[in-house]
Number of protein chains: 2
Amino acid sequence: MSTYTIKELSKLFDVQSSTLRYYEDIGLLTNVGRTDTNQRIYTDEHIARLNAISCFKNTGLPISKMQDFFKYEANLENNIDEIIDLVTEHEKNIKEQIKKMQDELAHIEHKVRFYNGIKEAIDKNAPWPYWDDYNI
Amino acid sequence: MSTYTIKELSKLFDVQSSTLRYYEDIGLLTNVGRTDTNQRIYTDEHIARLNAISCFKNTGLPISKMQDFFKYEANLENNIDEIIDLVTEHEKNIKEQIKKMQDELAHIEHKVRFYNGIKEAIDKNAPWPYWDDYNI
DNA sequence: TCTTGCCTTAAAGTATACTTGAAGTATTAT
DNA sequence: ATAATACTTCAAGTATACTTTAAGGCAAGA
């Protein structure tokens with residue numbers, strides 16, 4: 001089983017060392033070992049944790065929910081319903097977010113086409129496309 | 001051309017009145033009219049603005065970029081390249097966000113299946129599924 | 001007319017998620 | 001050995017995006 005220094009994890013996950021200390025302070029990272037000179041040692045357990053944190057973060061799960069999640073996970077038998085609720089609700093949220101982003105992407109793509117149309121008109125000294133077409 | 005009170009816009013866009021005042025303070029809403037007793041009056045121009053703000057917000061564009069966008073839009077002839085850059089980069093960001101969310105959704109769906117498997121095992125008093133399967 | 005409730009400004013406060021600073025100890029390269 | 005860099009704790013600071021408070025003016029129903 002491998003071990004890692006704070007700097008190694010920092011590079012692996014592209015987070016600052018201070019963020020790793022912060023995650024430990026607030027209970028997202030637990031059971032962090034120490035060298036005889038008090039420096040943190042992480043293990044593959046922490047790699048797995050940080051993969052989960054990264055996934056949760058990328059999908060907009062707030063830290064408070066992550067704290068709940070890892071607390072539930074530490075005592076899964078007694079919190080299985082709570083953890084299922086948490087991940088199921090988060091799954092639903094992600095699907096809604098994706099749908100919303102896809103809808104809004106269409107609007108942004110429209111804006112990109114619209115302003116490129118304006119630029120062409122400016123370059124050719126031609127009249128601008130109608131603004132009526134803009135606010136769809 | 002219709003006009004709207006702050007309360008009407010607040011309800012239409014599901015934002016607090018204070019947020020509409022804040023958006024005006026920081027330049028996201030401009031040319032807001034007043035009644036003879038100093039109360040704000042909005043027009044369809046502001047409806048269009050708030051649709052754009054809402055779209056940008058839903059797709060994670062920071063307010064500082066929105067400020068740039070509306071400043072460019074107010075003087076489009078001289079800022080057409082800047083506004084095209086802004087919306088094109090934002091389009092790219094949204095696409096990346098959607099892709100990332102779709103990838104991470106697969107992980108969350110895996111967690112949902114995994115914890116439901118645990119729950120079934122608990123309910124049946126059966127042994128738990130292997131943790132090896134968990135960290136994919 | 002009174003009361004309730006919405007409007008106004010300006011400044012201060014809040015929530016979330018870190019980040020930085022200070023002071024001190026430890027490690028690494030020359 | 002010495003200098004530069006990295007580690008430690010703990011508290012305070014920062015960034016973003018609002019939200020609330022205070023103190024007062026305006027408005028609509030009983």
Side-chain angles (χ1 to χ4, degrees), chain A residues 3-43 46 49-50 52-71 86 90 93 97 100 104, chain B residues 3-43 46 49-50 52-71 86 90 93 97 100 104:
Chain A
T3 62
Y4 310 86
T5 66
I6 199 165
K7 201 175 188 184
E8 284 165 347
L9 274 205
S10 164
K11 274 176 189 157
L12 267 173
F13 288 93
D14 195 28
V15 292
Q16 295 204 338
S17 297
S18 60
T19 306
L20 294 171
R21 291 187 204 103
Y22 167 70
Y23 284 167
E24 189 181 341
D25 284 347
I26 63 172
L28 291 191
L29 293 173
T30 50
N31 306 319
V32 178
R34 297 292 177 126
T35 66
D36 51 357
T37 59
N38 200 34
Q39 296 183 213
R40 288 173 175 81
I41 311 173
Y42 300 92
T43 67
H46 301 104
R49 263 303 165 92
L50 282 165
I53 291 169
S54 170
C55 172
F56 287 146
K57 189 179 162 175
N58 283 333
T59 50
L61 190 75
I63 281 184
S64 57
K65 292 278 178 76
M66 295 190 210
Q67 290 172 316
D68 293 343
F69 177 86
F70 293 120
K71 264 180 249 157
L86 196 157
H90 189 45
N93 284 344
Q97 281 185 74
K100 194 168 222 172
E104 301 289 29
Chain B
T3 61
Y4 310 85
T5 66
I6 200 167
K7 200 175 189 184
E8 284 165 347
L9 273 205
S10 165
K11 274 175 191 159
L12 267 173
F13 287 93
D14 195 28
V15 291
Q16 295 204 345
S17 297
S18 60
T19 306
L20 294 171
R21 291 187 205 104
Y22 167 69
Y23 284 167
E24 188 180 341
D25 284 348
I26 63 172
L28 290 192
L29 293 173
T30 51
N31 306 317
V32 179
R34 296 294 178 124
T35 66
D36 51 357
T37 58
N38 201 34
Q39 296 182 212
R40 288 171 175 83
I41 311 172
Y42 300 91
T43 67
H46 302 104
R49 263 301 164 94
L50 282 164
I53 292 169
S54 170
C55 172
F56 287 146
K57 188 178 162 175
N58 283 334
T59 50
L61 189 76
I63 280 183
S64 56
K65 292 278 178 77
M66 294 190 211
Q67 290 172 318
D68 292 344
F69 177 86
F70 292 120
K71 263 180 251 156
L86 195 157
H90 189 45
N93 284 344
Q97 280 185 73
K100 195 169 222 173
E104 301 289 29

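Letters go in sequence order (proteins before strands), and every chain restarts at 1.
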Between A:Ile41 and B:Tyr22, who's closer to the 5' end of DNA chain D by nearest nucleotide?
A:Ile41

Please confirm whether the shortest side-chain N or O distance from B:Thr37 to OP1 or OP2 of D:dA27 is below 4.0 Å.
yes

Taken to the nearest whole Å, CD/A:Gln16 to P/D:dC7 is 12 Å

Separation of A:Asn38 atom CG from C:dG24 atom P, in whole Å?
17 Å

Are the side chains of A:Thr30 and A:Phe70 in touch, meaning some heavy atoms are under 4.5 Å apart?
no

Taking the side chain of B:Ser17 as heavy atoms from C-beta outward, which of D:dT19, C:dC7, D:dT9 is closest to it?
C:dC7

In terms of the nearest nucleotide of DNA chain D, which residue is placed more toward the 5' end: A:Gln39 or A:Asp25?
A:Gln39

Nearest whole angstrom, please: distance from the C1' of C:dT16 to the CZ of A:Phe56.
18 Å

4.5 Å side-chain heavy-atom contact, A:Phe56 and A:His90
yes

Rounding to an integer number of Å, can you tell me how far A:Glu24 CD sits from D:dT9 C1'?
12 Å

So, is A:Lys57 close to the C:dC18 phosphate, meaning a side-chain N or O under 4.0 Å from OP1 or OP2?
yes

Under 4.0 Å from OP1 or OP2 of C:dT25: is there any side-chain N or O of A:Arg34 that close?
no

Which part of the nucleic acid does B:Ser18 contact within heavy-atom distance under 4.0 Å: base, sugar-phosphate only, or nothing?
base

So what does A:Arg40 hit on the nucleic acid, given a heavy-atom distance under 4.0 Å: a base, only sugar-phosphate, or nothing?
sugar-phosphate

Grab the NZ-P distance between B:Lys65 and D:dA17 for me, whole Å please.
11 Å

Taken to the nearest whole Å, CZ/B:Arg21 to P/C:dA12 is 18 Å

According to a strict under-4.0 Å criterion, is B:Tyr23 in side-chain N/O contact with OP1 or OP2 of D:dA17?
no

Between A:Thr43 (side chain) and A:Thr3 (backbone), is there a donor-acceptor pair under 3.5 Å?
no

Rounded to whole angstrom units, what separation is found between the CG atom of A:Leu9 and the C1' atom of D:dA6?
15 Å

Between C:dC7 atom P and B:Asp36 atom CG, what is the distance in whole Å?
16 Å

Out of D:dA17, C:dC7, D:dC7, which has the shortest distance to the side chain of B:Ile6?
C:dC7

Could you check which of D:dT8, C:dA17, D:dC7 has an atom nearest any side-chain atom of A:Lys7?
D:dC7

With a non-hydrogen cut-off below 4.0 angstrom, is B:Ile26 in contact with a base, only sugar-phosphate, or nothing?
nothing

Within this structure, what is the CG-CG distance for the pair A:Asp14 and A:Leu50, rounded to the nearest 0.5 Å?
12.0 Å

Strictly below 4.0 Å: does B:Thr19 bring a side-chain N or O up to OP1 or OP2 of D:dT19?
yes

Is there a side-chain contact between A:Gln97 and B:Gln97, using heavy atoms and a 4.5 Å cut-off?
no

Hey, does the side chain of B:Gln67 reach the backbone of B:Ile26 with a donor-acceptor pair shorter than 3.5 angstrom?
yes

